[in-house]
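Down below is the structure, laid out as structure tokens.
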Amino acid sequence: MKQIWDMSLKEAATRPEFYQFMTVGLKDLLFKAYKEASSTYEKIVTFETSTKDKEGYPSMGTVGLPAQVNEGEPYQEKTLPKNDLVEITNIKCGQIIAITQELIDDEQTGMIKQLPLDLGKAHKKKEDKSVYSVITANAACYDTNNLFSLNHPGYTGGGAIGVNDNIYTNVTLTAGALAVTLGMIALWTGHTAEDILDVASKILLVPRRLRYTASVLTRSEFMAYGYATNVFGPAATTGQGRNPLVEEGLDIVSSPRLDGTSTTDWYVWTDFPGLIFQWREKLELTKENEQSGVKFERDVYRWKSSSRWGVKPINWRQGILVS
């Protein structure tokens with residue numbers, strides 16, 4: 001029986017259909033797995049494309065409010081501050097799949113199909129991990145403050161502005177804390193303290209362990225008073241009232257990558273384009289020439305997966321950390 005099975009595999013490997021699978025099927029499996037791999041980073045970044053290794057973005061993208069011009073006075077000339085440009089450098093990611101002729105002859109129905117599936121998922125996980133690493137690291141950003149910190153300046157080199165806080169500490173995920181956070185976002189300014197931006201809150205970004213709490217706070221029509229402290233409502237522990245947070249229409253995004261840093265930290269993400277995921281080259285799968293390389297020397301077929309991209313915060317107004 002084994003001899004018949006081996007013969008059937010070897011016969012399959014010589015058919016035109018199998019050659020078609022080796023040249024096209026592996027690529028299809030790679031992209032299918034990449035597309036379907038579990039990730040959430042797509043919902044919290046702003047995608048851009050670039051044809052250069054390094055791209056510069058103005059953090060604010062605006063020149064602030066116009067100034068009053070008195071009779072006989074010249075208009076003020078305003079430009080974007082030169083040091084307010086944030087650069088994103090692309091990185092290259094990839095691997096090589098190596099398949100021997102013996103594997104093709106003997107096991108092409110199993111392991112060969114699994115390799116591109118695993119590789120496709122790995123590429124998506126790399127992107128997802130990189131985005132969340134930027135968020136959880138909370139390192140210094142373009143304005144020399146940490147990404148999530150107090151008193152951000154309106155632009156790089158400008159003076160600290162008291163209402164430009166995108167961190168709120170020593171609170172848990174409650175209706176009251178969420179209401180305070182939304183109020184903090186509403187006060188954010190642009191170049192000066194007078195330039196209120198009207199940034200809109202869009203997403204409640206939480207670790208998996210806070211996923212159901214987030215759902216109760218943003219989806220329930222009524223809420224127990226026990227959740228409603230601070231500016232939200234009474235601090236009583238019994239009874240319930242209507243939940244106005246439903247009207248905010250916040251989406252919920254949760255990721256276990258946040259749990260790895262803290263199971264209690266959570267974020268509110270806004271419509272301000274601040275965390276940029278920049279594509280230079282999207283995922284590709286390239287087959288090595290069979291008449292050269294290791295196929296000629298060792299009967300090994302090789303495919304190379306590659307992508308080039310960069311991720312970086314160009315503006316802290318993308319979101320606020322609550323810890």
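Note that the coordinates shown come from a computational prediction; the quantities given were computed from them, not determined experimentally. For the single chain, residues carry numbers from 1 onward in sequence order. Values reported hereafter were calculated over all heavy atoms of this structure, with side chains retained and with hydrogens, waters and symmetry mates removed.
Pairs passing the salt bridge (charged side-chain N to carboxylate O under 4.0 Å, His left out) check and including a residue from residues 274-285, sequence neighbours excluded, read D53-R280, E281-R308.
Counting all heavy atoms, side chain and backbone alike, L245 lies closest to L217 at CB-O, 3.4 Å.
Under the 6.0 Å cut-off for aromatic ring centres, Y34 and H123 do not qualify, their centroids lying 6.0 Å or more apart.
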- prompt: Between L275 and W269, is a side chain to side chain contact (heavy atoms under 4.5 Å, CB included) present by the stated rule, with each step listed?
  reply: CA-CA 10 Å; L275 185 56; W269 231 239; 4.1 Å; yes
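No side-chain donor-acceptor contact under 3.5 Å links Y132 and T261.
With a 4.5 Å cut-off on side-chain heavy atoms, T264 and L173 do not count as touching. Here the side chains of N151 and D165 are in contact, with some heavy-atom distance below 4.5 Å. Residues V268 and W266 meet the side-chain proximity criterion, which asks for heavy atoms closer than 4.5 Å. Two residues are said to be in side-chain contact when any heavy atoms from C-beta on lie closer than 4.5 Å; T213 and V216 fail this criterion.
Evaluation of the ring-ring contact (aromatic ring centres under 6.0 Å, His included) rule for W188 yields W316 as partners, not counting sequence neighbours. Evaluation of the side chain to side chain contact (heavy atoms under 4.5 Å, CB included) rule for I88 yields Y57, I276, Q278, K312, I314 as partners, not counting sequence neighbours. Partners of Y267 under the side-chain hydrogen bond (donor to acceptor under 3.5 Å, both in side chains) rule, at least two apart in sequence or in another chain, do not exist in this structure. In this structure, the side-chain hydrogen bond (donor to acceptor under 3.5 Å, both in side chains) partners of K52, at least two apart in sequence or on a different chain, are E55. In this structure D265 satisfies the side-chain hydrogen bond (donor to acceptor under 3.5 Å, both in side chains) test together with S262, sequence neighbours excluded. Partners of F277 according to the ring-ring contact (aromatic ring centres under 6.0 Å, His included) rule, which considers only residues two or more places apart in sequence or in another chain, are Y41, F47, W279, W309. Partners of S39 by side-chain hydrogen bond (donor to acceptor under 3.5 Å, both in side chains), not counting sequence neighbours, listed by chain and number: E42. Shown here are the side chain to side chain contact (heavy atoms under 4.5 Å, CB included) partners of A200, two or more places apart in sequence or in another chain: K202, D271. Scanning for side chain to side chain contact (heavy atoms under 4.5 Å, CB included) contacts around T169 gives I167, S323, with sequence neighbours left out.
Residues I161 and L321 do not share a hydrophobic cluster, defined by chaining ILVMFWY side chains whose heavy atoms lie under 4.5 Å apart. L187 and V171 sit in two unconnected hydrophobic clusters of ILVMFWY residues. Membership requires side-chain heavy atoms under 4.5 Å apart, directly or through other members. Hydrophobic clustering (ILVMFWY, side-chain heavy atoms < 4.5 Å, transitive): Y212 and V246 are in distinct clusters.
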Which donor-acceptor pairs under 3.5 Å do the side chains of residues 250-258 make with protein atoms, sequence neighbours left out?
from : atom 1 : to   : atom 2 : distance (Å)
S254 : OG     : R208 : NE     : 3.3
S255 : OG     : R257 : N      : 3.1
R257 : NE     : D128 : OD2    : 2.6

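Heavy atoms of other residues, nucleotides or ligands lying less than 6.0 angstrom from CZ of R219 number more than 12.
With a 4.5 Å cut-off between side-chain heavy atoms of Ile, Leu, Val, Met, Phe, Trp and Tyr, the cluster of I96 takes in none.
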